[in-house]
Amino acid sequence: MDPKELYKYEYAKKMLETELQILINEFERKHGYMPVEHVKSRIKTNESIRKKLEGRGYEYTTDNIMKHVSDVVGIRIVVSFLSDVYDVVSMIAKSTNILIKKRKDYIKEPKDSGYSSYHLIVLVPIYLEGYVEYVTAEIQVRTVAMDFWASLDHKIRYKFHEEIPFDVQKAMQEYALDIQELDRKMYEMNKIMSKYEKE
Ligand code: 0O2
């Protein structure tokens with residue numbers, strides 16, 4: 001990417017990190033409960049941006065990056081329980097500083113690989129001299145279990161350069177179902193725990 005444009009993504013990442021931190025703190029203050037295990041943010045590498053654009057038949061230009069790559073700024077919010085995913089998503093939806101452009105619920109409809117997460121494509125304002133610009137970013141919200149699966153899957157994809165052997169694909173699809181079941185059980189257990197806490 002033209003380094004002259006990179007600063008906008010850096011500003012957007014900072015804005016989003018700050019806004020999310022405030023929202024999460026506010027959530028904890030109001031509900032007396034912290035749903036978030038950790039938050040990670042990154043700026044996509046030039047190599048990865050180029051791969052994505054070229055894979056879709058676009059030239060690597062600043063204009064194409066802005067139009068066709070929505071995750072140059074990426075934030076991942078990892079939560080404890082399934083219900084926390086949806087609480088965090090509605091918390092973000094209430095923010096007046098983050099505008100939701102698109103929602104992708106890969107928890108209700110996992111990808112063929114087994115990948116499961118809730119994605120939000122958002123617009124973040126950055127305040128420049130005398131004007132405001134909106135930068136696109138991606139927020140991924142997932143449970144610890146989904147994150148565990150996705151990080152192994154990421155390593156597998158890196159190792160096999162997307163040509164994943166059939167038996168590995170099958171095993172990962174099966175483990176994705178195990179993860180779904182585990183998340184459901186943990187959610188139920190958390191509900192039982194809350195019942196005891198109220199008594
Ligand atoms: P990286 O290395 O994480 O940056 P679209 O919105 O459809 O135009 P896009 O961006 O492909 O295009 O959307 P998608 O598929 O909703 O989300 C892409 C991101 O989700 C990926 O970014 C991954 O972070 C994650 N993801 C999607 N599918 C999988 C999967 O099967 N396994 C894993 N581990 N992660 C997945 P990048 O740019 O591919 O990679």
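Just so you know, ligand 1 is whichever comes first in the structure, and atom 1 is the first atom listed for that ligand.
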### Query
Glu138 versus Gln140: any side-chain heavy-atom pair under 4.5 Å?
yes
Where ligand 1 meets [X] - atom numbers and elements under 4.0 angstrom, heavy-atom basis:
X      : value
Asp153 : 30 (C), 31 (O), 32 (N), 33 (C), 34 (N)
His154 : 2 (O), 34 (N)
Ser113 : 30 (C), 31 (O)
Lys104 : 5 (P), 6 (O), 7 (O), 13 (O), 14 (P), 16 (O)
Tyr106 : 14 (P), 15 (O), 16 (O)

### Message
I need the Ile179 CD1 to Met146 CE distance, nearest 0.5 Å.
### Response
8.5 Å
### Pairwise distance CG(Asn25) to NZ(Lys30) - rounded to 0.5 angstrom
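Between atom CG of Asn25 and atom NZ of Lys30 there are 12.5 Å.
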Among protein heavy atoms, which lies nearest [atom], and at what distance?
atom                    : answer
atom 28 (N) of ligand 1 : Lys111 CD, 3.4 Å
atom 22 (O) of ligand 1 : Asp71 OD2, 3.7 Å
atom 29 (C) of ligand 1 : Tyr115 CG, 3.4 Å
atom 20 (O) of ligand 1 : His119 CE1, 3.0 Å

### Task
Without swapping roles, check the side chain of Ser151 against the backbone of Phe148 for a donor-acceptor pair under 3.5 Å.
yes
If we set the cut-off at 4.0 Å for heavy atoms, which region of [X] has an atom near ligand 1: side chain, backbone, both, or neither?
X     : answer
Arg42 : side chain
Val69 : neither
Arg56 : side chain

Check this for me, if you would: do [X] and [Y] make a salt bridge, where the nitrogen-to-carboxylate-oxygen distance has to be below 4.0 angstrom?
X      : Y      : result
Lys14  : Glu17  : no
Arg184 : Glu181 : yes
Asp71  : Arg42  : yes

### Query
Can we call the ring centroids of Tyr86 and Tyr118 under 6.0 Å apart?
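Between Tyr118 and Tyr86, which both carry aromatic rings, the centre distance is below 6.0 Å.
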### Query
Heavy-atom distance to atom 10 (O) of ligand 1: which of Lys44, Lys51, Lys52, Gln140 wins?
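The option holding the nearest heavy atom is Lys52.
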#### Entry: Residue pair Ala176 / Gly114: nearest heavy atoms and the distance that separates them
CB-O, 3.5 Å
